[in-house]
Each structure stands twice: as structure tokens, then as C-alpha cells.
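One structure is given here, and the rest of the page talks about it.
FYI, side chains are in, hydrogens and waters are out, and symmetry mates aren't considered; it's all heavy atoms of this structure. Counting starts at 1 for both ligands and their atoms, in listed order.
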Amino acid sequence: MGMHKKRADHYPRIDAFDFRPGKPLRGRYEIVHRLGAGWESEVYLIRERATGIERTAKFFFPHRNEREKASIFYAKKLHKLRQCPIVIQYYLQDSIIHHGVPVTFLVSEFVEGELLSTFLARQPGKRLSPFQAVHLLHALATGMEAIHQLGEYHGDLHSDNIIVQRYGLGFELKLLDMFHWGASSAQHIHDDVINLIRLFYDAIGGAKHYARQPAAVKAICCGLKRSLILRKFKTAGQLRRHLETLEWS
Ligand SMILES: Nc1ncnc2c1ncn2[C@@H]1O[C@H](COP(=O)(O)OP(=O)(O)O)[C@@H](O)[C@H]1O
Ligand SMILES: [Mg+2]
């Protein structure tokens with residue numbers, strides 16, 4: 001009992017930091033404005049005072065970062081994946097005291113663009129054509145292939161964790177926010193593949209439009225049946241190769 005009480009005191013529940021523009025950070029940076037928030041953190045655009053260079057700082061909610069587990073995991077994973085073009089560039093870890101509570105933040109590159117969820121919501125009918133969506137899935141699968149080749153997984157692939165940097169003939173994307181489910185395993189990599197297919201399925205309109213999709217689309221989605229999908233695609237690389245040779249009949 002005593003243990004639990006102590007831990008709860010030590011990791012108070014903060015759901016929003018609400019930092020004001022101009023707030024100094026460790027004398028070296030200042031807050032520009034808030035970029036977004038999620039389950040474990042609030043993310044701000046910051047500026048390095050000496051250079052004017054903009055970065056992103058991810059401030060972990062203390063109750064989501066007990067013993068710094070989440071932030072250390074995330075920093076190490078970003079560093080391990082630093083050669084993967086789809087992964088944001090990590091720079092440094094630091095902390096501030098906020099209302100008497102230590103708060104850890106990670107500084108990484110600022111990715112200019114639009115969340116995939118926002119991008120999809122403003123498309124006609126809030127969905128992509130199958131052909132556009134195949135391009136989206138190809139960019140995701142290519143990016144994820146590099147991660148799977150290093151034996152790693154993302155763990156939290158959904159449309160609020162993907163930034164569309166540019167969209168033209170194809171997509172340029174960055175991934176945010178990996179989740180730590182424990183040591184990497186085939187199961188975690190399979191979960192990424194399932195989530196990629198799920199993103200594709202949702203991007204073309206989900207269940208409502210599935211029956212009328214072309215055969216090539218159904219051959220990718222497999223009705224979202226996990227066992228059928230994994231029989232075809234065990235890694236992002238296998239999915240990428242399938243997309244590069246598919247034909248619309
Ligand atoms: N590098 C970045 N560049 C621009 N926006 C970002 C960046 N990182 C995070 N964001 C914004 O902040 C939100 C929360 O960040 P995220 O890392 O997903 O935190 P959480 O783990 O709390 O979900 C994202 O959905 C996005 O809107
Ligand atoms: Mg997130």
C-alpha cells in the first residue's frame with residue numbers, strides 16, 4: 001500500500017502542460033507553440049535561441065513515464081533507427097521542473113507537414129482513390145521495411161502518428177511516436193504489417209466501401225483477416241514487393 005501511495009505522489013497526473021509561447025527552456029531554447037498531444041506527451045515547436053533553428057520537444061506526462069522508461073526507450077529506439085529515412089531525427093534528452101515536478105523532454109527534428117489523419121479528412125469523401133492509397137501504402141511499407149530489417153518494430157502505427165511532408169506522384173512521410181511493447185519479436189513486426197494494411201483499408205473508406213473495391217485492393221486487405229494477411233506478408237518488405245508487382249485487372 002505504502003509503495004503505491006509513494007509512487008502516485010512521485011508521478012502526479014498531468015494531462016496538459018500549457019506552456020506559453022516565449023517560455024525559456026534551460027536557457028538555450030524557447031517555446032514557439034504547441035504542435036499536438038497524445039497519450040503519453042505534449043509536443044511543442046521550440047527554437048534554439050543562439051541559432052534560431054526550430055526543433056520539436058516532446059514533454060512526457062510524468063505518470064506515463066515512470067522511472068523514465070518511456071522516454072529512454074523512445075530516445076534509444078530513435079537513435080538505433082537514425083539511418084531509416086522515415087524516422088524522425090533525434091537530438092537530445094533534457095528535463096525541466098514544472099510546478100515542482102521533474103518533466104523529461106526529448107528534442108528531435110521539426111517535421112513540417114500535415115498529420116495523415118488531417119490529410120485524409122480533407123480529401124473528397126474523406127478518402128483516397130485506391131491508386132493513391134496504394135502509393136501511400138507503398139511509402140509506408142518502404143519506410144517500415146528499413147525498420148523491420150534492423151529487427152525493430154514501430155508498435156503504434158495509426159494516422160495520428162504519421163506526418164505527410166509532401167504529396168505528389170508519391171508520398172513523403174515521417175513516423176512519430178513508437179510504442180514499447182517489450183523486446184522486438186516476430187509478433188510485433190506482424191502487428192506492424194497488420195496496422196499498415198488497416199491504415200490502407202481505412203484510407204480508401206473502410207468497411208462502407210470495401211465490397212466495391214477492385215480485386216487488387218482485396219488481395220492486399222484480405223478482408224482484414226490477420227491469418228490471411230500474414231500468410232502473404234510477414235514483413236513490410238514482403239508487402240512492398242507485392243505492391244511493386246501488382247496489376248489492376
Ligand atoms: N516532430 C514533429 N513535428 C511536428 N509535429 C509533431 C512532431 N512530433 C509530434 N508532433 C505532433 O504532436 C502530436 C503528439 O506527438 P506524439 O509523439 O504522437 O505523442 P503521443 O505519444 O503523446 O501520442 C502528434 O500527433 C503531432 O500532431
Ligand atoms: Mg501519438
Side-chain angles (χ1 to χ4, degrees), residues 11-19 21 23 25 29-48 52-66 68-82 84-96 98 101 103-122 136 139-140 143-144 147 152-167 171-182 188 191-192 195-196 198-199 202-203:
Y11 302 109
R13 195 183 173 93
I14 302 175
D15 295 307
F17 296 110
D18 212 17
F19 297 143
K23 175 188 165 69
L25 285 175
Y29 293 96
E30 65 186 38
I31 297 281
V32 180
H33 60 71
R34 191 174 170 277
L35 289 168
W39 187 78
E40 66 180 3
S41 70
E42 205 168 58
V43 176
Y44 287 81
L45 180 65
I46 62 170
R47 184 184 297 117
E48 189 175 43
I53 294 172
E54 289 181 328
R55 303 278 193 223
T56 295
K58 178 177 169 98
F59 295 86
F60 285 79
F61 302 132
H63 67 291
R64 300 283 189 220
N65 193 26
E66 295 190 10
E68 314 247 5
K69 230 179 119 183
S71 56
I72 290 172
F73 155 77
Y74 190 46
K76 282 186 165 171
K77 188 123 146 185
L78 289 178
H79 180 67
K80 179 173 180 189
L81 301 179
R82 64 193 177 281
C84 303
I86 203 166
V87 174
I88 56 166
Q89 191 70 46
Y90 167 73
Y91 297 111
L92 60 94
Q93 184 261 28
D94 206 338
S95 67
I96 53 166
H98 175 70
V101 179
V103 172
T104 301
F105 64 95
L106 301 181
V107 175
S108 56
E109 97 180 91
F110 169 50
V111 180
E112 270 176 283
E114 190 177 23
L115 281 184
L116 180 61
S117 54
T118 314
F119 175 85
L120 292 174
R122 67 178 176 81
L136 171 67
L140 283 169
M144 285 302 303
I147 296 174
E152 277 299 341
Y153 65 97
H154 183 284
D156 197 17
L157 280 169
H158 58 72
S159 60
D160 285 321
N161 284 339
I162 299 166
I163 294 187
V164 179
Q165 284 185 286
R166 192 186 63 79
Y167 168 60
F171 284 82
E172 277 174 25
L173 305 168
K174 288 281 181 195
L175 298 179
L176 311 168
D177 198 17
M178 291 175 225
F179 197 79
H180 188 36
W181 300 104
H188 292 133
D191 290 343
D192 280 350
N195 286 328
L196 288 176
R198 171 99 222 177
L199 269 160
D202 289 339

Asn65 versus Ala70, closest heavy-atom pair with distance: OD1-N, 3.0 Å
Give a table of atom pairs where an N or O of ligand 1 lies under 3.5 Å from a protein N or O.
| from | atom 1 | to | atom 2 | distance (Å) |
| --- | --- | --- | --- | --- |
| ligand 1 | 1 (N) | Thr56 | OG1 | 3.4 |
| ligand 1 | 1 (N) | Glu109 | O | 3.1 |
| ligand 1 | 3 (N) | Val111 | N | 3.3 |
| ligand 1 | 17 (O) | Lys58 | NZ | 2.7 |
| ligand 1 | 18 (O) | Asn161 | OD1 | 3.0 |
| ligand 1 | 18 (O) | Asp177 | OD2 | 3.0 |
| ligand 1 | 19 (O) | Ser41 | OG | 3.0 |
| ligand 1 | 19 (O) | Lys58 | NZ | 3.0 |
| ligand 1 | 21 (O) | Glu40 | OE2 | 3.3 |
| ligand 1 | 21 (O) | Lys58 | NZ | 3.0 |
| ligand 1 | 21 (O) | Asp177 | OD1 | 2.6 |
| ligand 1 | 21 (O) | Asp177 | OD2 | 2.9 |
| ligand 1 | 22 (O) | Gly38 | N | 3.3 |
| ligand 1 | 22 (O) | Trp39 | N | 3.2 |
| ligand 1 | 22 (O) | Glu40 | N | 3.1 |
| ligand 1 | 22 (O) | Ser41 | N | 3.0 |
| ligand 1 | 22 (O) | Ser41 | O | 3.4 |
| ligand 1 | 22 (O) | Ser41 | OG | 2.9 |
| ligand 1 | 23 (O) | Asp177 | OD2 | 2.9 |
| ligand 1 | 25 (O) | Asp160 | O | 2.9 |

Atoms of protein origin (N, O or S) under 2.8 Å from the Mg ion (ligand 2): Asn161 OD1, Asp177 OD2
Any residue meeting salt bridge (Lys or Arg N to Asp or Glu O under 4.0 Å) with Asp156, in chain and number order, not counting sequence neighbours: none
Cation-pi, Tyr74 ring and Lys77 (6.0 angstrom, 45 degrees): no
Arg13 NZ/CZ over Phe61 ring centroid, <6.0 Å and within 45° of normal: no
Ring pair (Phe, Tyr, Trp, His ring centres under 6.0 Å) partners for Tyr90, two or more places apart: none
Side-chain donor or acceptor of Trp181 paired with backbone N/O of His188 under 3.5 Å: no
His79, NE2 atom: more than 12 neighbouring heavy atoms under 6.0 Å: no
Salt bridge Glu42-Arg34, side-chain N to carboxylate O under 4.0 Å: yes
Stacked cation flag Lys58 on Phe105, 6.0 angstrom / 45 deg: no
